[in-house]
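Input: a single structure, listed below in C-alpha cells.
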Amino acid sequence: MAMHARAALLSIACLAVPVAWAQPGGLVPKQLSGPPEEFAAVRAPDPADAAILSKSALLPVEFGESDLWRGRLPVEGAQARLLVFGGAGRWQLELQQDARAGVPARQAPSGRAGRSWLGIEAAGRPARRYEFEGLEGGEWTLQLRAAPGDAERRGYVLVEGDARTRLASWQSHRRQLVGERIGLTALLTSEDGDRARSGHDAGAIVEASLRVIDPDGAARTWPMADDGRGADGAAGDGLYAGAFVPDRPGTWIAQVTIRGRDDRGNPVLRSAEHVLPVLERGLRIADDRAVATAAEPGRLSIAVPVALDRGAPSRYRVTGEVWGSDDAGNPVPVAWVGGMVAPEGGRLPIGLDARWVQRAGALPPFELRALRIEDPDHFVPLAAAARMPLALPSLPPAKSAAAVAIDDTMRMGPRPATLRVADDKANGGRLLLVHGYCSAGVWPEQQFASASSFIDAHQNRSHDQFAQLLGAFGAGWDSFGTVAHSQGGAAALHLYAYYWSGLDNASGARLMQSVGTPYQGTNLSGIIATIGSWFGVACGSNSNMTYSGASAWLAGVPGWARAQVNYHTTSFSTAWYRWDYCHMASDLVLDDPEDGTVERASGQLPGAINRGHATGQCHTTGMRDPAQYLDAGRNATMNANAAR
C-alpha cells in the first residue's frame with residue numbers, strides 16, 4: 001500500500017520483545033540486513049534467468065497391451081547416442097530410417113551397446129546405452145520390443161541432440177501453491193560461434209506439449225500454444241506456453257517437449273524437465289501495515305502481522321526492503337532485512353539495527369517494500385507484499401552515511417551470548433569435512449589436520465536441513481571451518497548466512513572451501529526426478545539443486561557470506577583422438593566443460609572467491625577420471641589455508 005503524504009510517527013505502545021529462538025542443536029538464526037546497494041541481489045529472481053537450456057530429449061515409453069513401442073527420432077548428424085531406462089536391459093532396440101519419396105527405408109548399422117547408469121552420487125537409475133554411427137540425418141523411427149510377459153511395461157529413452165540448437169524453458173513464476181496456475185514456456189535458441197539466436201531466428205517449433213506428472217506418478221499431457229492468448233507473448237512469435245493447476249501438495253514434474261526444425265532445416269527434438277515442489281499456502285499477511293518497536297538497545301523489531309493455518313511451518317525465510325523519506329517527501333532506501341524467522345503471537349518479527357535508518361538519514365513515513373515470505377526448504381513464496389506502511393518509534397538524530405561504519409552486528413544482528421568464547425578456544429578448533437547429496441564420507445581424512453568428517457550417509461536434505469545438521473555436528477567445537485564436496489558446499493554457506501555457529505568463531509585464511517558444488521544447480525536434477533517418478537531413485541529428488549531452485553536460494557544469501565567461500569571446479573581431461581567425457585551418460589545432458597554432475601558454468605558462485613578450474617578430475621568415483629576430492633595437492637593447500 002503506497003503512502004502519498006508525510007505523517008508524524010505513530011505513538012506505539014511497547015510490545016513484548018521476542019527472545020532469540022533456537023533450532024534443534026542450539027542454532028540461533030541471524031537477523032540479516034544490508035545496504036540498498038544489495039537490493040537487486042536479494043530480490044526475487046526472474047524465472048527466465050534460471051531457464052533450462054536443453055540439448056536432449058527424454059521420451060516416455062509405455063507399451064500398453066502391445067509388446068512393441070515406436071517413437072519418432074530425428075537424427076541431427078551422422079551419429080545418434082541414447083539411453084534406454086526400463087526392461088532391465090532386455091528390451092530389443094531397432095533404429096529405422098523413415099521412408100521418403102525415392103529413398104527406401106533402411107536399418108541403422110549395428111551400434112555399440114552396453115550397460116550404463118545416470119544419476120547424482122548414489123541417486124540414479126541403470127540404463128542401456130546405444131551408439132550409432134554412419135547415419136543419414138533426418139527422421140528415423142525408434143522401435144523397442146519387450147519380451148512377452150515382461151512385467152516392466154514402461155520406461156524412458158534419453159536422446160542427445162546437436163548442442164548447437166537448444167530448447168529454452170522456464171516457469172512463469174515460483175508461486176508453486178495448491179490451486180495456483182503454473183505456466184511453462186518453450187523457445188528455440190541456437191549458437192553459431194559468438195552469435196546467439198532465439199525464436200524464429202533459431203528455427204521453428206512445429207509441435208510443443210506439456211506433460212505433467214503428479215506426486216503419485218500419474219501423467220497427463222496438454223498441447224502448448226503460440227497463439228498470444230497465454231503467457232507466450234504475441235501470436236506466432238515462436239514462444240510457446242502451457243499451464244496446469246496443481247490440486248495437491250507434493251513434488252510435481254512439468255516436462256516441456258518440442259519437435260521442429262533448426263535454422264538449417266534439420267529436424268530437432270528437445271525436452272526440459274522442471275521439478276516443482278507444490279505447497280499449501282499455510283500463511284497469509286493479516287494486515288496492510290507493519291509496526292516496529294524498540295528491542296534491545298539500538299535494535300528494532302519489525303512485526304509483520306500474519307495468520308497461520310494449522311500445521312504451518314515453524315519458520316520462514318523472509319526478505320524485504322525498508323524505505324523512508326527525505327525532507328521533501330521523496331523515497332529514501334534504508335536497508336534490506338530478512339533471515340529465518342519464527343512466527344510469534346501472530347507476527348513475524350524481523351530484526352533491524354537502528355543505525356541503518358540513521359545512516360540513510362531517513363524520516364517518516366516509512367514503508368516495507370518487496371516483502372516475500374518463503375518456506376525454508378524450497379524457497380517458494382507463500383505470501384508477498386509490494387508495499388506496506390511501516391511505523392517506527394522515535395530514533396536518535398540522523399547521521400551521515402560516512403559517520404556510520406557498517407559492522408557485523410548491523411549485518412547479522414546481536415551475537416548470541418552462547419557463542420562468545422574465550423580466545424584460547426578451550427574446546428578447540430576443527431576443520432569439518434563435508435560430503436554432498438546422497439553421499440557419504442568422501443574426503444581422505446588423513447590428508448587434513450585437526451579434521452573430522454561429517455557423515456549423514458545417503459540422505460536427501462534441503463540446504464536448510466543439511467545446514468542445521470552440519471551446525472549441530474559442529475557444536476562439539478568452539479569454532480570450525482569447512483571443506484565441502486558438492487551440495488555440502490551450499491549447506492555450509494547456508495549455515496553461515498542464516499545461523500550462528502562455530503563458523504563465526506573460526507580464524508584462518510579460508511573459512512569455507514568447496515569442490516564441485518552446484519551453486520547454480522544442475523540439469524541432472526530434473527531428469528533424475530522425472531525418471532524417478534516411475535521407477536523411484538535412491539534418496540529422491542532435490543529441488544534446491546535444480547537451476548530454478550538454486551536461483552531462488554541464492555536470492556537471499558548475502559554478499560558478505562558469499563565472500564567467505566573459496567570454491568574449485570573441475571572437468572574431464574581432453575584429447576584430440578577421442579570422445580571426451582567424465583561419464584558417458586551424463587555427457588548427453590550436461591554442457592562442456594563439466595565434471596559428470598556439475599557444469600563449470602553452474603558451479604560458479606557470484607561474489608565468492610574462485611580458486612580455479614582443474615581438468616582431469618570428475619565429480620565422484622566410478623567416472624573416467626579420478627574423483628575431484630582425491631587431489632592430494634589441492635587437499636594439502638586447502639588444509640594449510642583452512643580456518644578452524
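Computed from heavy atoms alone, side chains included, the values below leave out hydrogens, waters and symmetry copies.
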Taking it one step at a time, do Ser33 and Trp356 satisfy side chain to side chain contact (heavy atoms under 4.5 Å, CB included)?
CA-CA 9 Å; Ser33 298; Trp356 288 113; 3.3 Å; yes

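- Side-chain atoms of Arg510 never come within 3.5 Å of backbone atoms of Val483 as a donor-acceptor pair (strictly under, hydrogens ignored).
- Residues satisfying the side chain to side chain donor-acceptor pair (under 3.5 Å) criterion with Asn566, sequence neighbours excluded, are Arg611.
- A side-chain donor-acceptor contact under 3.5 Å links Gln487 and His463.
- Side-chain contact, Glu599 with Gln520: no donor N or O sits under 3.5 Å from an acceptor N or O.
- Judged as a side chain to side chain donor-acceptor pair (under 3.5 Å), and not counting sequence neighbours, the contacts of Thr570 are Gln628.
- Counting only residues at least two apart or in different chains, salt bridge (charged side-chain N to carboxylate O under 4.0 Å, His left out) contacts with residues 167-179 comprise Arg175-Glu180.
- Side chain of Asp326 to main chain of Gly329: a donor-acceptor pair is present (N/O by atom type, distance under 3.5 Å, no hydrogens or angles).
- Remark: side-chain polar atoms of Asp232 are paired, donor with acceptor, to backbone N or O of Gly228 under 3.5 angstrom.
- For Thr522 (side chain) and Ser525 (main-chain N/O), no donor-acceptor pair under 3.5 Å exists by modelled atom type.
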Kindly indicate, with the supporting measurements, whether the criterion side chain to side chain contact (heavy atoms under 4.5 Å, CB included) is fulfilled by Lys30 and Tyr499.
CA-CA 5 Å; Lys30 294 178 177 178; Tyr499 301 101; 5.7 Å; no

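- Leu279 places none of its side-chain heavy atoms less than 4.5 Å from the side chain of Gln176.
- In this structure a side-chain-to-backbone donor-acceptor pair under 3.5 Å is present from Gln604 to Arg600.
- Of the possible donor and acceptor atoms, one in the side chain of Arg562 sits under 3.5 Å from a partner among the backbone N and O of Val557.
- Contact check for Leu300 versus Leu395: side-chain heavy atoms found under the 4.5 Å cut-off.
- Applying the side chain to side chain contact (heavy atoms under 4.5 Å, CB included) criterion to Ile528, with sequence neighbours excluded, gives Leu118, Val537.
- Taking the six-membered ring for Trp and the full ring otherwise, Tyr316 and Phe379 have centroids separated by 6.0 Å or more.
- Counting heavy atoms from C-beta on, the side chains of Ile302 and Val322 come closer than 4.5 Å.
- Here Ala509 pairs with Asn641 under the side chain to side chain contact (heavy atoms under 4.5 Å, CB included) rule; sequence neighbours left out.
- Arg372 has its side chain within reach of Arg317: a pair of non-hydrogen atoms, C-beta onward, lies under 4.5 Å apart.
- For the 3.5 Å distance criterion, the side chains of Arg461 and Tyr437 fail to qualify, holding no donor opposite an acceptor.
- Thr517 contributes a side-chain N or O that, together with a main-chain N or O of Ser486, makes up a donor-acceptor pair within less than 3.5 Å.
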Worked verdict on Ile52 versus Trp170 for side chain to side chain contact (heavy atoms under 4.5 Å, CB included)
CA-CA 6 Å; Ile52 297 171; Trp170 62 91; over 6 Å; no

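- At distances below 3.5 Å, not a single donor-acceptor pair connects side-chain atoms of Thr251 with backbone N or O atoms of Pro277.
- Between the side chain of Arg197 and the main chain of Ser190, no donor-acceptor pair closer than 3.5 Å is present.
- Side-chain atoms of Arg347 and Val304, non-hydrogen and from C-beta on, never get closer than 4.5 Å to each other.
- A salt bridge is absent between Arg411 and Asp353; no separation between the charged side-chain nitrogens and carboxylate oxygens falls under 4.0 Å.
- Between Phe454 and Phe473, the ring planes lie perpendicular to each other; the angle is over 60°, past the 30° to 60° tilted range.
- Inspection of the His378 and Ser462 side chains reveals no N or O donor paired with an N or O acceptor under 3.5 Å.
- Remark: the Thr482 side chain and the Gln513 side chain contain no N/O donor-acceptor pair separated by less than 3.5 Å.
- By the 30° and 60° cut-offs, the orientation of the rings of Tyr519 relative to Tyr567 is perpendicular.
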Stepwise side chain to side chain contact (heavy atoms under 4.5 Å, CB included) test for Asn544 and Asp377:
CA-CA 8 Å; Asn544 291 175; Asp377 292 316; 5.9 Å; no

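- Listed by chain and residue number, Ala243, Val245 satisfy the side chain to side chain contact (heavy atoms under 4.5 Å, CB included) test with Arg181 (two or more places apart in sequence, or in another chain).
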With ring pair (Phe, Tyr, Trp, His ring centres under 6.0 Å) as the test, would you mind laying out the steps for Phe244 and Trp252 before giving the verdict?
CA-CA 11 Å; Phe244 73 103; Trp252 293 68; 5.7 Å; yes

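- Not one N or O on the side chain of Ser172 forms a donor-acceptor pair closer than 3.5 Å with the backbone of Leu184.
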